[in-house]
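See below for the structure under consideration.
We name chains A, B, ... by the order of the sequence lines, and we start the count at 1 in each one.
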Amino acid sequence: MDPMDAIKATYFQECDELLASLEEGLLALEAGEGDSDTINAVFRAVHSVKGGAGAFGFDRMVEFAHVFETALDAMRAGKLDPEPEVVKLMLRATDVLVDHVQAAKGEGAVDEGRAAAMADDLAALTSSEAPKPAASEAAAATTDEWGFAPLKFDFGDEASAASEAKWRLVMRPAPQMYAKGHDAALFLRELARLGDAQVSLDASALPDLESLQPETPYLAWTVELPASVEEAAIRDVFDFVGEDCPIELTLEGGEAPAAPSAEAPAADMQALLQAVQDESSPETSATVPPAAAEKGSADKGAPKGAQGATIRVDLERVDRLIDLVGELVINQAMLAQRVAESELACSSSVAIGLDELEQLTREIQDSVMAIRAQPVKSVFQRMPRLVREIAGATGKQVRLVMEGEGTEVDKTVIERLSDPITHMLRNAIDHGLETPEERAAAGKPEEGAVRLAALHRSGRIVIEVSDDGKGINRPRVRDIAVEKGLIAADANLTDDEIDNLIFLPGFSTASSVSNISGRGVGMDVVKRSIQALGGRISIASQPGKGSVFTLSLPLTLAVLDGMVISASGQTLVAPLTAIVETLRPKPEDVRALGPAGAVLAVRGAHVPLIDVGVALGLRHAPIDPDHGVVLLVESEGGGRSALVADEIQGQRQVVIKSLEANYQRVDGIAAATILGDGRVALILDVEAVVEKRLNERHAPLAKAS
Amino acid sequence: MTDVENSNETLELISFRIAEQEFCLDIMAVREIRGWTAATPLPHSPSYVRGVINLRGAVLPILDLKARLGLGVSEPSARSVIIVVHIGARLVGLLVDGVSEILAAERATIQPTPNVGCDTVSRFVRGIIAQDGRMTSWIALDDILPAEEEAEAA
């Protein structure tokens, strides 16, 4: 990789983190939980994004970030209150900034109109006219001169009606400041941006070339700034360096103005800020004391980011490690099988050693999988934006509550979570929540609440999306299902069964098709993609009170606990999660139903019998169930089926191997694995086997297609 | 992709016999040749798909080339081999009765496939190589995997 590209990649990685913390901070502010630390963190996030963008020459991003930063700076200085309206605007500004970053990555484009409007709105927060052109100039200056090109400073040709009073700043960078990668030129540039800066260089300490120590800084600068510049603003420039760049700041001549302000149209801006402050409620105006902003040093943001020492590792390396450990597990199993075949005593040293090896292998596998585990946060943090956009499009008021963002799950699963969650949230807002008027009429708060939660439950990850909306309209759902021929008109369905009708293909309750959801491809698509991952989805709904969608997924798509069974001489693996119980049926419990069907009586209930060999086309006639074993499996709708196999070989953890990598999807098969004897065994897609059987009662035998 | 290549280029081809006919593959597409091991059959698959085997941890589909070319079903024996080939990003094993030799042929000498009014031939034979009074058919691999029937269902 080109070194520049590598740096850029790191920058984008950081951007993602910064933008995430930006949004997180703003959301905290919106919830009224933020303090000055939060505001500082938010400011620093935008500032850092801008800094990098300047270095890479992303002009438009710099321009926008600068306007954003200006508004945040005002908030940091206590001149702009973090009231809900302002924070909401900033959240939307974050979305635009995200777009900018995406565009810089070469993914997607920025809606220029939206960005410009947003920049104007942001600018309006601090001033009605000033920041916009100033921002462009500043941005132009930054991008024109980045790198080591000589800096140009305006030495005051058009010195504004300068008062006698001046700030006199002496900065004397310490060696460690350069060692940390800071550049004095950047500070000078920042200072110049604050107002008319008169910079003079003090090179008196510079020794002869012979005695020059290349890593010792000899230069000092004296900067004179108009007294109208706020002291805090000047000190803020050195926020990030602290002790590394000692400064002496003195006010010379005249008096410091009582109401310091930032830039040229000072009076207007001050008045506007005052107006903004006056509008805000008095009790919140005290939340951000200017003093707090003044001392925002780099370590203030630390508590949030402090997660112990971490390293960045290329994902490919981790994936490779996981693959290798997978091989190790297979090899270990092969070895175990050989040893078992050689009929050594269980107490032999080989067998004991092998047992230890097995434990170690498991442990290594768990640890390696833990490396790739990630908190679901990376998916969750994209959702507030989505919710804002859907809420905006539907005219509904929505509050998104997220819980369990720290829940960890394998990266392979994380990547597949985003689409189903997106879909479920859309549904919850578009179909679940009522309009503010309807809510008010129903005696509910106008703002609807949508909760997105993640948790671990019995070795799986569970994602819940719940809303406090109107719940599922069961009579309507039923009518539609009848109308579309999905169920018989006289079908007798329980409430649960009716709720689950919405997962049927081609079902859509929205009477008008909106562009948010309601194209009739909604929930059945979600269900399919979840099932493809070995997951389940279910819904619980209470009319008038809301609905809860629950989806559960395996923690990893790399390994699976399975029951090894055989059918027609083939070894198959059934995912343990699908199996409720296994039993050997008694002949009297098997009852024929219809010409070819049969059911099994299990504790009073009758479940359909499905011969695995027949379902997979391995044999033509089902075996006598009482000669085989029955795996009682539960499918999505809560219905049970009995899978008939020849025998059960055991239970073990298997490494999932994709069939699609070299071949293609096979109906009824979820994936493949490699067993101890080195042969490939297929992993059953229980849901598909059951569904296929139920949907097409007279499923033809597998045939060459 | 073949059209833009240098016509003076010498191709190395690996040849084998299927049902008394000579076929060959571009050696560049071949990753390895290994002995026959019993494959795990795949349900709901075309008859020429023998199943899958374990190739050092990867799941490798095995196609019976004889059946794919419509020349009958192979009876795998100890002499049968699996030619592991790249098809795009995929690795696929082709079951053949045994490989014969390595041929060298200049690209310019390869004759276009004569039209014998057979779909299988036009689909799977890329050209004809005539050498020493023998005719060898150069196999095109692009279409050899079964079409993805479930593309729209997934």
Side-chain angles (χ1 to χ4, degrees), chain A residues 323-331 334 505 525 528-529 531-532 567-572 612-619 655-669 671-685 688-689 692 699-705, chain B residues 29 31-32 34-64 66-70 72-73 82-95 120 141-154:
Chain A
D323 283 350
L324 284 174
V325 173
E327 299 301 302
L328 182 66
V329 171
I330 292 166
N331 264 301
M334 280 169 150
V525 173
R528 258 173 204 285
S529 64
Q531 282 174 353
S568 318
Q570 285 301 316
T571 305
L572 297 161
V612 174
V614 174
L616 295 184
L618 299 170
R619 59 182 161 220
V655 176
I656 300 176
K657 298 280 179 183
S658 156
L659 266 181
E660 281 112 286
N662 286 323
Y663 188 57
Q664 61 189 38
R665 228 187 105 68
V666 177
D667 208 19
I669 300 299
T673 187
I674 293 163
L675 289 182
D677 58 3
R679 291 198 56 175
V680 176
L682 302 176
I683 300 173
L684 274 182
D685 182 347
V689 167
K692 193 173 166 68
L701 291 171
K703 49 165 174 55
S705 48
Chain B
R31 179 164 140 172
E32 64 181 277
R34 48 177 294 140
W36 163 252
T37 38
T40 304
L42 287 173
H44 313 299
S45 299
S47 57
Y48 56 83
V49 177
R50 297 295 296 220
V52 284
I53 63 162
N54 166 19
L55 180 75
R56 288 183 303 279
V59 176
L60 185 78
I62 304 297
L63 308 186
D64 181 347
K66 187 174 175 183
R68 186 55 167 154
L69 297 173
V73 176
I82 292 168
I83 305 178
V84 182
V85 293
H86 291 280
I87 301 178
R90 291 177 162 144
L91 274 184
V92 176
L94 303 176
L95 171 64
T120 313
L141 290 172
D142 316 316
D143 241 0
I144 214 108
L145 279 169
E148 194 113 16
E149 295 127 283
E150 287 147 340
E152 39 89 51

Item to check | Backbone of Val680(A) reached by a side-chain donor or acceptor of Thr40(B) within 3.5 Å | outcome: yes

Checklist outcome for this item: In this structure, CZ of Arg679(A) is separated from CD1 of Ile53(B) (nearest 0.5 Å) by 10.5 Å

Checklist entry - Do Ser658(A) and Val59(B) come close enough that some side-chain heavy atom pair is under 4.5 Å? => result no

Item to check | Test log, rule side-chain contact (heavy atoms from CB on, under 4.5 Å), inputs Ile669(A) and Leu42(B) | outcome: CA-CA 9 Å; Ile669(A) 300 299; Leu42(B) 287 173; 5.6 Å; no

Next on the checklist: With heavy-atom distances below 4.5 Å as the criterion, would you say the side chains of Asp667(A) and Pro43(B) are in contact?
Outcome noted: no

Item to check | Results of side-chain contact (heavy atoms from CB on, under 4.5 Å) for Leu91(B) - residues two or more places apart only | outcome: Asn662(A), Arg31(B), Leu55(B), Leu60(B), Val84(B), His86(B)

Next on the checklist: Treating Arg90(B) as the side-chain partner and Tyr663(A) as the backbone partner, does any N or O pair qualify as donor plus acceptor under 3.5 Å?
Outcome noted: yes

Checklist entry - Using a cut-off of under 4.5 Å for heavy-atom pairs, which of Ala89(B), Ala58(B), Ala38(B) has the most such pairs with chain A? => result Ala38(B)

